[in-house]
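Residue numbers start from 1 in every chain, and the chains themselves are labelled A, B, ... in the order their sequence lines are given, proteins ahead of strands. Only heavy atoms go into these numbers, but all of them, side chains included; no hydrogens, no water, no symmetry mates.
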Amino acid sequence: MKNYNFDKILPKLEKFVQNLGVPVVTRIKDRDFDPFKILIGTILSLRTKDETTEEAANRLFEVVKTPEDLIKLSEKDIEKLIYPVGFYKRKAKQIKEVAKTLIEKYDGRVPNDLEELLKLKGVGRKTANLVITEAFDDYGICVDTHVHRISNRLGWVKTKNPEQTEMELRKILPKKYWKTINPILVTFGQNICKPISPLCSKCPIEPLCPKIGVTKSR
DNA sequence: AAAACGGGGGC
DNA sequence: GCCCCAGTTTT
C-alpha cells in the first residue's frame, strides 16, 4: 500500500490556510443551504472570480427564489441580471434550461444524485460534486484545476484530466477528507501552490512534496 | 502582448 | 481528442 501521507498533509494544510489571513475558499457563501441557489450559483461561478459571481448571484436571487421564478424570465432579462460573469449568454441559457428540467423531471427540486445532476445542461463533474458536498452535505469529491494540479504534484495520482483524478481519489482518499479537500487545496493553490512559479519556499509541506510537474517559471 | 484563468459543451 | 467561449489578471 502506497503511503500517500493524507493524514500528515491535509490537516497541516487546513491549519495553514486558516492562518493565511485570507478567507478559505468555500465557493458557497450564504445561500441558505438552498440546493437550487447553490446549483445556480455554482454554474454562474464557472471560470469567474468569486466577487464577480457574488455580485451577479445576489442580483439574480433578489428576483429569483425558485425554478418557477427563473423560467418566467426571458434569456435577455437573465443576461442583464448576471451580466458581470464570464460566458453570461451561455450561462443565462443554461440556467433557464436547468430550471425547466428541474420542474419537468424532478418536481422542482435539485436531485441529490451525481448521475442525475450530470444530466443537467451546464453541469459537469466539478459542479455536480460541489452541489453534493455543499448543498446536501453528502459524499462527493469536487475536483477542479487546483485539486487536479496539486494531487498530481504531490504524487497522489498520475492523471491528465480532472475526471481521472476524481476517480483515483475516490479509491485512495479517506472519506473524512472528501468534503474538505476542495476548499483546502483551492485556497492553498491560489496562494502557494500556484500553476506557474509556486511559492515552494513558503510551503508548509515542501519536504513531503516530490514536486511532480512543477515549473519554476514559464 | 500573450497566456492563463476556480469548466463544460459540441463536435 | 480538439476547439470554443468572455472578460480580467498574470506573466
Side-chain angles (χ1 to χ4, degrees), chain A residues 13-14 17 20 22-29 31 37-57 59-60 75-76 78-102 110 114-135 140-153 159-167 169 178-200 202 213-218:
Chain A
L13 283 183
E14 183 168 21
V17 298
L20 260 181
V22 299
V24 175
V25 174
T26 62
R27 305 216 178 143
I28 304 297
K29 309 292 189 221
R31 297 260 180 270
K37 291 183 182 174
I38 290 174
L39 172 60
I40 299 300
T42 304
I43 294 174
L44 295 183
S45 78
L46 296 178
R47 301 200 78 145
T48 302
K49 295 180 73 170
D50 270 0
E51 309 81 69
T52 312
T53 305
E54 280 308 293
E55 185 187 336
R59 285 220 305 256
L60 181 69
E75 275 179 33
K76 284 270 182 247
I78 300 173
E79 287 174 15
K80 282 181 194 160
L81 285 167
I82 67 173
Y83 170 67
V85 300
F87 308 100
Y88 66 94
K89 283 189 181 176
R90 186 160 77 190
K91 287 175 183 175
K93 187 180 295 186
Q94 286 175 339
I95 64 178
K96 184 169 181 178
E97 188 170 340
V98 164
K100 197 179 295 180
T101 308
L102 290 180
V110 177
L114 185 63
E115 297 307 317
E116 297 303 318
L117 285 167
L118 289 173
K119 290 179 186 170
L120 300 170
K121 281 277 168 55
V123 177
R125 303 197 70 86
K126 182 250 171 177
T127 306
N129 276 292
L130 189 65
V131 168
I132 284 175
T133 56
E134 297 295 329
I141 301 180
C142 177
V143 176
D144 57 26
T145 58
H146 291 289
V147 176
H148 177 56
R149 178 183 70 256
I150 296 169
S151 294
N152 276 282
R153 281 182 177 170
T159 56
K160 61 185 271 279
N161 65 48
E163 178 172 357
Q164 289 175 26
T165 298
E166 183 197 325
M167 295 315 179
L169 286 178
W178 285 26
K179 185 182 170 65
T180 53
I181 187 171
N182 181 279
I184 293 171
L185 292 192
V186 169
T187 309
F188 177 58
Q190 286 176 344
N191 294 283
I192 303 292
C193 198
K194 300 180 179 186
I196 298 170
S197 307
L199 309 180
C200 295
K202 294 186 181 177
V214 172
T215 34
K216 301 280 185 215
S217 63
R218 195 188 306 272

Reckon Leu120(A) touches a base, only the sugar-phosphate, or nothing at all at heavy-atom distances under 4.0 Å? sugar-phosphate
In this structure, are over 12 heavy atoms from other groups packed under 6.0 Å from Lys179(A) atom NZ? yes
Non-neighbouring partners of Arg149(A) that pass side chain to side chain donor-acceptor pair (under 3.5 Å), sequence neighbours left out: His146(A)
Just the rounded figure in Å: distance from P of dG8(B) to CD of Glu97(A). 16 Å
When Thr48(A) and Leu118(A) are each assigned the nearest nucleotide of DNA chain B, the 5'-most assignment goes to Thr48(A)
For atom CZ of Arg47(A) and atom C1' of dC5(C), their distance in whole Å: 9 Å
Give the dot-bracket line for DNA chain B from 5' end to 3' end: parentheses for intra-strand Watson-Crick or G-U pairs under 3.5 Å, square brackets for crossings, | for inter-strand pairing, dots for unpaired. |||||.|||||
Expressed in angstrom and rounded to an integer, what is the separation of Glu79(A) atom CD from dA6(C) atom P? 10 Å
Return the value, rounded to whole Å, for the distance between atom CG of Asp144(A) and atom P of dA4(B). 18 Å
For Thr165(A), side chain to side chain donor-acceptor pair (under 3.5 Å) partners two or more places apart: His148(A), Thr159(A)
Is Lys194(A) touching bases, backbone alone, or none of the nucleic acid, heavy atoms closer than 4.0 Å? nothing
Testing dG7(B), dA4(B), dG1(C) for proximity to the side chain of Ile196(A), the answer is dA4(B)
Distance, P atom - from dC11(B) to dA6(C), rounded to whole angstrom: 16 Å
What heavy-atom pair brings Ala92(A) and Glu75(A) nearest, and what distance separates the two atoms? CB-O, 4.0 Å
Calculate the interatomic distance between Phe87(A) atom CZ and dG9(B) atom P; express it in whole Å. 12 Å
Counting only side-chain heavy atoms from C-beta out, which of dG7(C), dA6(C), dG8(B) sits nearest to Lys126(A)? dG8(B)
So what does Val123(A) touch, heavy atoms closer than 4.0 Å: a base, only the sugar-phosphate, or nothing? sugar-phosphate
Which whole-number value in Å describes the distance from Lys121(A) NZ to dG8(B) P? 15 Å
Where each residue is assigned the nucleotide of DNA chain C containing its nearest heavy atom, which of Val85(A) and Asn161(A) is assigned the position nearer the 5′ end? Asn161(A)
What residues form a side chain to side chain donor-acceptor pair (under 3.5 Å) with Glu166(A), not counting sequence neighbours? Arg125(A), Asn129(A), Arg170(A)
I need the NZ-P distance between Lys49(A) and dC5(B), as an integer number of Å. 14 Å
Partners meeting salt bridge (Lys or Arg N to Asp or Glu O under 4.0 Å) with Lys119(A) (sequence neighbours left out): Glu116(A)
Counting only N and O atoms by type, is there a donor-acceptor contact under 3.5 Å from the side chain of Asp50(A) to the main-chain atoms of Thr53(A)? no
Provide, to the nearest angstrom, the distance between the NZ atom belonging to Lys91(A) and the C1' atom belonging to dG7(B). 9 Å
Not counting sequence neighbours, which residues clear salt bridge (Lys or Arg N to Asp or Glu O under 4.0 Å) with Arg47(A)? List them please. none
Give the nucleotide from the list dG7(B), dG1(C), dA6(C) with an atom nearest to the side chain of Thr145(A). dG7(B)
Does dG8(B) have OP1 or OP2 under 4.0 Å away from a side-chain N or O of Thr127(A)? yes
